[in-house]
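Shown next, in structure tokens, is the structure this report addresses.
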Amino acid sequence: MLRSIPANRLVAVVSGSSVLVKCLWGSVLLLYLLSFWVDTWRVLAVTPGLLLLPPNLWLWTLFTHGLVELHIWDVLANLLLTLGAGRRLEPLWGAPELLLFYGVVSISVGVLSSLCFLVAYAASSNLNFLFNTRIHGFPAFAGAVLVAHKQTVGDGLVDSQRWVRLLPQLALLGVAVLTLAGLIPSPMLVGYSLGMVSGWVYLRFYQRHSRGRGDMSDHFSFASFFPGPLQPAVALLGNLTHAFLVKLRLCPRAVKRYDVGAPSSITISLPGTDPQDAERRRQLALKALNERLKRVEDQTSWPNMDEEEDEDSIQETSFNSSDQPHTPAAHEKSEAALTV
């Protein structure tokens, strides 16, 4: 009975998710079940030599490699990742944009990872890099989703919650350690890293917003993914790379907008600074500040002003009664009242 409780909760969460989440994870589960009878990973996972070298050109694997899992724990991880993306990103972007994001990351990671292993083959002449390497599963989409989570969280967090913005880097460090220890294969590290890069490039320069494309805010720059001492050098390298790609017309230029009709003065905004995103970040910051103030108030006991006024009035009454003179006439009146 106790073992069935988490399963029932998981089924309830999946049943309450969106149609897109159900379709994605349903495809993952179906392909996993088929893998017991058919080697789905051979046909649907990205193999660098079969994707890039003619006459093969297995282009369909660019769309299917993210749905192929070989172990049940990978299937569950894919489920949790898809549910998290559906709950966090789909309400902000909508189902079509989330599906487009998934497709862009899947195609980009498939092509870039194949090029990486092609370079490795050229350097080592090892055919295993071309025909025995498989890129598949959730790591690529996981890297992109964590980068998108960093974008949606923004810079509206208090100091105690700023570690949330470091989730992509912390996960990358964990995957790198597991790869060096030999616990997971190297294509997982390559897929996760390229998923981070492709997700960031799409969100930074190409994602459509109500006020343009991309997100040019400072907290989402490429240098923000690196430690503080390295950020100036990384920022310089990133700016030079961006300028070079702009000249090649492979990357859009960051265009400034001037709002001449503003009531106060001329305002300048960058593409991607959506007012809804700014309002969401302000709400998150206000919520975190209220929670922090509430914890401080609970720890500090403030005096009650009503109780202090009552105590002062009692003290004044007792003081006045003690200062009243005891005359014989007053003593006789009190005795007469007692006899009555």
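In this chain, numbering begins with 1 at the start of the sequence shown. In this text the structure is predicted, and so the values were computed from the model without any measurement. Heavy atoms only: backbone and side chains are in, while hydrogens, waters and symmetry mates are out.
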Tell me whether Trp58 is reachable from Leu115 by hopping between hydrophobic residues (I, L, V, M, F, W, Y) whose side-chain heavy atoms are closer than 4.5 Å.
yes
Tell me, do Met196 and Leu172 make a side-chain contact under 4.5 Å, heavy atoms counted?
yes
Between Arg204 and Gly214, is there a donor-acceptor pair closer than 3.5 Å when you use the side chain of the first and the backbone of the second?
no
Under 3.5 Å, is there a donor-acceptor pair linking the side chains of Asn78 and Thr82?
yes
Verify same cluster id: Leu130, Leu59 (apolar side-chain graph, 4.5 Å):
yes
Determine whether Phe131 and Trp41 fall in the same hydrophobic cluster, where Ile, Leu, Val, Met, Phe, Trp and Tyr are linked whenever their side-chain heavy atoms lie under 4.5 Å apart.
yes
Kindly give the heavy-atom pair with the smallest separation between Ala140 and Val105, and that separation in Å.
O-CG1, 3.9 Å
Give the minimum heavy-atom separation between Gln207 and Trp93, together with the two atoms involved.
NE2-CE2, 3.3 Å
Rounded to the nearest 0.5 Å, what separates atom CG in Leu53 from atom OG1 in Thr47?
11.0 Å
Pairwise side-chain contact, Phe138 with Val28, heavy-atom cut-off 4.5 Å (strictly under)
no
Under the criterion side chain to side chain contact (heavy atoms under 4.5 Å, CB included), I'd like the reasoning laid out for Leu51 against Leu57: C-alpha separation, chi angles, the key distance, then a yes or no.
CA-CA 4 Å; Leu51 175 64; Leu57 300 179; over 6 Å; no
Note: Ala45 and Val68 closest approach over all heavy atoms is N-CG2, 4.4 Å
Audit row: Ser106, Leu62, side chain to side chain contact (heavy atoms under 4.5 Å, CB included) steps and yes/no
CA-CA 6 Å; Ser106 180; Leu62 295 175; 5.6 Å; no
Reported CG-to-CG distance for the pair Leu127 and Asn132, which is rounded to 0.5 angstrom:
8.5 Å
Does the Asn126 side chain pair with the main chain of Asn128, one donor and one acceptor, at a distance under 3.5 Å?
yes
Kindly say whether Ser217 contributes a backbone atom to a donor-acceptor pair with the side chain of Ser221 at under 3.5 angstrom?
no
Are side-chain heavy atoms of Phe129 and Pro48 found at a separation under 4.5 Å?
no
Flag yes if Val21 and Val19 sit in one hydrophobic cluster, no otherwise; membership is Ile, Leu, Val, Met, Phe, Trp, Tyr, and two members link when side-chain heavy atoms are under 4.5 Å apart.
no
Are His149 and Thr152 packed together at the side-chain level, in the sense that at least one heavy-atom pair is separated by less than 4.5 angstrom?
yes
Interatomic spacing from CD in Glu69 to CG in Leu76 - rounded to 0.5 Å
10.0 Å
Has the side chain of Ser198 got a donor or acceptor atom that lies under 3.5 Å from a matching backbone atom of Gly195?
yes
Spell out, as yes or no, whether a donor-acceptor pair under 3.5 Å connects the side chain of Ser35 to the backbone of Tyr32.
yes
Between Tyr202 and Phe101, what is the ring plane arrangement, given parallel below 30°, perpendicular above 60°, and tilted in between?
tilted
In the hydrophobic cluster built from side-chain contacts under 4.5 Å, what are the other members alongside Leu236?
Leu240
Which heavy-atom pair separates Gly86 from Glu90 by the least distance, and what is that distance?
O-CB, 3.1 Å
Is there a chain of hydrophobic side chains (I, L, V, M, F, W, Y, each step under 4.5 Å between heavy atoms) that links Leu173 to Leu166?
no
Give a yes or no on whether the backbone of Phe226 and the side-chain of Gln231 come within a donor-acceptor separation of less than 3.5 Å.
yes
Taking the side chain as every heavy atom from C-beta outward, state whether Val175 and Pro139 have any pair of such atoms under 4.5 Å apart.
no
May I ask you to check whether Phe205 and Trp200 place their ring centres under 6.0 Å from each other?
yes
Kindly list each side-chain donor-acceptor pair under 3.5 angstrom involving residues 183-192, sequence neighbours excluded, with atom names and distances?
from   : atom 1 : to     : atom 2 : distance (Å)
Tyr192 : OH     : Pro168 : O      : 2.9

Can you find a heavy atom in the side chain of Leu20 that is under 4.5 Å from one in the side chain of Leu99?
yes
Heavy atoms only: give me the nearest Gln169-Ser224 pair and the separation to one decimal.
NE2-O, 3.7 Å
Looking at Gln151 and Phe220, would you say the former's side chain and the latter's main chain have a donor-acceptor pair under 3.5 Å?
no
Side chain to side chain contact (heavy atoms under 4.5 Å, CB included), that's the test. Do Ser114 and Val46 meet it? Break it down for me.
CA-CA 8 Å; Ser114 298; Val46 169; 3.3 Å; yes
Between Leu118 and Leu52, does the side chain to side chain contact (heavy atoms under 4.5 Å, CB included) criterion hold? Intermediate values first, please.
CA-CA 9 Å; Leu118 182 61; Leu52 298 178; 4.1 Å; yes
Please enumerate all residues that pass ring-ring contact (aromatic ring centres under 6.0 Å, His included) together with Phe117, with sequence neighbours excluded.
none
For the atom pair CZ (Phe141) and CG (Leu67), what is the distance rounded to the nearest 0.5 Å?
10.5 Å
Arg42 side, atom CZ; Arg134 side, atom CZ - distance, nearest 0.5 Å
6.0 Å
Quick one: does any side-chain atom of His136 pair with a main-chain N or O of Leu44 as donor and acceptor, under 3.5 Å?
no
What closest approach, in Å, do Pro229 and Pro232 show between heavy atoms, and which atom pair accounts for it?
O-CD, 3.7 Å
What's the separation between atom SG in Cys116 and atom CD1 in Ile135, rounded to the nearest 0.5 Å?
9.0 Å
Val43 backbone acceptor or donor facing Trp60 side chain under 3.5 Å
yes
